[in-house]
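To keep things clear, I will list the structure first and then write my remarks on it.
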2 protein chains.
Amino acid sequence: MTTDIYPSMTVADNEQKERPVEKMQLGKQVKAIRKQNNLTLEEAGKLTGLARSTLSKIENEQISPTFAVMQKLAAGLNIDIPQLFTKPEKAQATGRRDVTKSGQGVPHLTPTYEHELLSTQLSQKKMMPYRSRVHARSFDDYGDWVRHEGEEFLLILEGEVELYTEFYEPTKLTVGDSAYYDAMMGHCLISTSKEDALILWVTTS
Amino acid sequence: MTTDIYPSMTVADNEQKERPVEKMQLGKQVKAIRKQNNLTLEEAGKLTGLARSTLSKIENEQISPTFAVMQKLAAGLNIDIPQLFTKPEKAQATGRRDVTKSGQGVPHLTPTYEHELLSTQLSQKKMMPYRSRVHARSFDDYGDWVRHEGEEFLLILEGEVELYTEFYEPTKLTVGDSAYYDAMMGHCLISTSKEDALILWVTTS
DNA sequence: AACAAAGGTTTCCAATTGGAAACTTTTCCT
DNA sequence: AGGAAAAGTTTCCAATTGGAAACCTTTGTT
């Protein structure tokens, strides 16, 4: 018997703390994923290397798959194992959409940037997209990193820029190039060409 | 037809993308957890309701436990299932970035789409960006909506498309236009011009 | 409506798991 | 060191899984 107080657990026969044996519907979940991908049992079978009968039984909770099978499932469907039994938290049903015609976004100007916020009608959204015209580099304003919560994705639409991120070498980006980074790293973008650069930005939170 | 990457996977026999069947050492992991809690197989058995022989075999990777057993394990040891096979992961620190040069993304082809996944190096990200070439509308494939968790943002880079979303009138989009919507609404995109369309997409989750 | 094809379920059986108990190794006393 | 109890491993077997194929259902076509 353990002498530790702290992390240890007590072994009282059935006095278990009863972690609410999460009512996981592995079957339901698997089926949902398969459906989302428009796959038939046959196809899913090919992808995962499992018999379609096995898949059927799993989906209908007729059997409890072994870990080995779960691995095949995840690998074949290209997902992580936890997704097999973790509910994808209820879609907060934003249930809306917002189309922004070119140039009709909400402008937001600064000395070096002309931002155009893109989907401003939707309040409850997880991403925040905007298009920015970055003025050709001006002497003074560079070197000042920004750092904030969330992640950022960007794609160069026009021009040429240099992406500075903490811990990384500056990188030159041209039309069509994109980047994704954790915004908590200091980061900053500078237009290196004579022309302005046009950037599409999407940030989280 | 789907406008999404993830919904449709190609089913080419053994051409599997081979998600690196994560070398999970479920056994090692379980043993580590048990040890951390100063439990003997006997005690762990009491807690989880499993035979100590079973536990032994699992720890030594002699058998692949069923999902049911994994649930008992997690419940008994008071942990979440993923912890059974997920390395304590030294703070995989999102703190990274990934630059994708134009055309260097990971391709994913379907009859009507040529997707190019951007930023595939980062695994732990909240957004999933990709660029898709949408082939000019073909008679048959239209009308098939997709519907899935998450939100989507898109921006037209080239061409002309029509955005169909449940509850809304079809909308024509041209270069520079963008849209944001809850992917739970049925949605689908069709190239309406003679030329292919090029779309930048960013989805959540 | 009738038929064909595709998608899904159930059956049957070999292969594997999980539990009880025997067996082996380690730990801990004296 | 010697012996006993504790911890862990292996064996044996009933119970369950996973695969092949037969068997239903649904969908699509003429």
Side-chain angles (χ1 to χ4, degrees), chain A residues 1-4 8-9 11 13-14 21 24-77 81 84-85, chain B residues 1 7-11 13-14 21 24-77 81 84-85 139-145:
Chain A
M1 177 54 61
T2 161
T3 58
D4 282 325
S8 61
M9 331 185 149
V11 185
D13 273 39
N14 280 354
V21 180
M24 296 162 173
Q25 305 257 76
L26 185 140
K28 280 282 170 62
Q29 193 58 22
V30 170
K31 184 164 195 166
I33 292 172
R34 177 171 66 82
K35 288 299 188 186
Q36 277 188 351
N37 289 63
N38 279 86
L39 296 173
T40 65
L41 287 176
E42 181 66 32
E43 298 171 320
K46 284 265 178 56
L47 288 172
T48 59
L50 297 169
R52 70 170 192 276
S53 58
T54 302
L55 290 173
S56 169
K57 284 182 276 192
I58 290 174
E59 292 189 351
N60 296 314
E61 314 264 334
Q62 287 174 21
I63 63 177
S64 177
T66 60
F67 182 57
V69 166
M70 290 172 67
Q71 284 182 298
K72 286 190 186 177
L73 261 176
L77 300 179
I81 294 190
L84 291 175
F85 47 81
Chain B
M1 172 53 59
S8 56
M9 325 187 147
T10 5
V11 185
D13 275 39
N14 279 356
V21 179
M24 298 163 171
Q25 303 261 73
L26 186 141
K28 280 283 169 68
Q29 195 58 22
V30 170
K31 184 164 195 167
I33 292 172
R34 177 171 65 82
K35 288 299 187 186
Q36 278 184 354
N37 290 70
N38 280 81
L39 296 172
T40 66
L41 287 175
E42 181 65 32
E43 296 170 324
K46 283 266 179 56
L47 287 172
T48 59
L50 296 169
R52 71 171 188 280
S53 58
T54 303
L55 290 173
S56 169
K57 284 182 276 191
I58 290 174
E59 291 189 353
N60 295 314
E61 314 263 338
Q62 287 175 23
I63 63 177
S64 177
T66 60
F67 182 57
V69 166
M70 290 174 68
Q71 285 183 299
K72 285 189 186 177
L73 262 175
L77 300 178
I81 293 189
L84 291 174
F85 49 82
F139 251 31
D140 39 328
D141 62 41
Y142 89 110
D144 247 30
W145 281 348

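This one's a predicted model, so the numbers in the text were calculated from it and none came from an experiment. Residue numbers begin at 1 in each chain, while the letters A, B, ... track the order of the sequences.
With rounding to whole Å, B:Gln71 atom CD is found 16 Å from C:dG18 atom C1'. Rounded to whole Å, atom C1' of D:dG19 lies 13 Å from atom CD of A:Glu42. What separates CG of B:Asn60 from C1' of D:dT11 is a distance of 15 Å, to the nearest Å. Atoms CD (A:Glu59) and P (C:dG7) sit 14 Å apart, rounded to a whole Å. For the pair B:Ile58 CD1 and C:dT16 P, the interatomic distance rounds to 17 Å; values are reported in whole Å. Rounded to a whole Å, the NZ atom of A:Lys31 is 7 Å from the P atom of C:dG8. Rounding to whole angstrom units, CG of residue A:Leu41 and P of C:dA5 are separated by 20 Å. To the nearest angstrom, C1' of D:dG18 lies 16 Å from CD1 of B:Ile63.
Among the protein residues, A:Gln62 comes within range of the sugar-phosphate backbone only, with heavy atoms under 4.0 Å from sugar or phosphate atoms but none that close to a base. Across all strands, B:Thr54 comes closer than 4.0 Å to base atoms (heavy-atom distances). A:Ser56 comes within 4.0 angstrom of a nucleotide base, judged by non-hydrogen atoms across all strands. Nucleic acid contact for B:Leu55: none, since no nucleic acid atom lies under 4.0 Å from a heavy atom of the residue.
In this structure, B:Lys35 does not reach the D:dA7 phosphate: none of its side-chain N or O atoms is under 4.0 Å from OP1 or OP2.
Applying the 3.5 Å distance criterion, the base of C:dG19 shares a donor-acceptor pair with the side chain of B:Lys57. With hydrogens and angles ignored, a donor-acceptor pair closer than 3.5 Å exists between the side chain of B:Ser53 and the base of C:dA20. Contact annotation: side chain of B:Arg52 to base of D:dG8, donor-acceptor pair present below 3.5 Å.
Out of C:dT9, C:dG18, C:dG19, the shortest distance to the side chain of B:Lys72 is found at C:dG19. Side chain of A:Arg34, nearest nucleotide from D:dG18, C:dG8, D:dT9: C:dG8.
Side-chain rings of A:Phe67 and B:Phe67 stay apart, their centers remaining 6.0 Å or farther from each other.
Side-chain contact between A:Leu73 and A:Leu55: present, with at least one pair of heavy atoms (C-beta onward) separated by less than 4.5 Å. Two residues are said to be in side-chain contact when any heavy atoms from C-beta on lie closer than 4.5 Å; A:Phe85 and A:Met70 meet this criterion.
Ion pair B:Glu59/B:Arg34 flagged as a salt bridge, since at least one NZ, NE, NH1 or NH2 atom sits closer than 4.0 Å to an Asp/Glu carboxylate oxygen.
A donor-acceptor pair is defined here as one N or O able to donate and one able to accept, closer than 3.5 Å; no such pair exists between the side chain of B:Ser56 and the backbone of B:Arg52.
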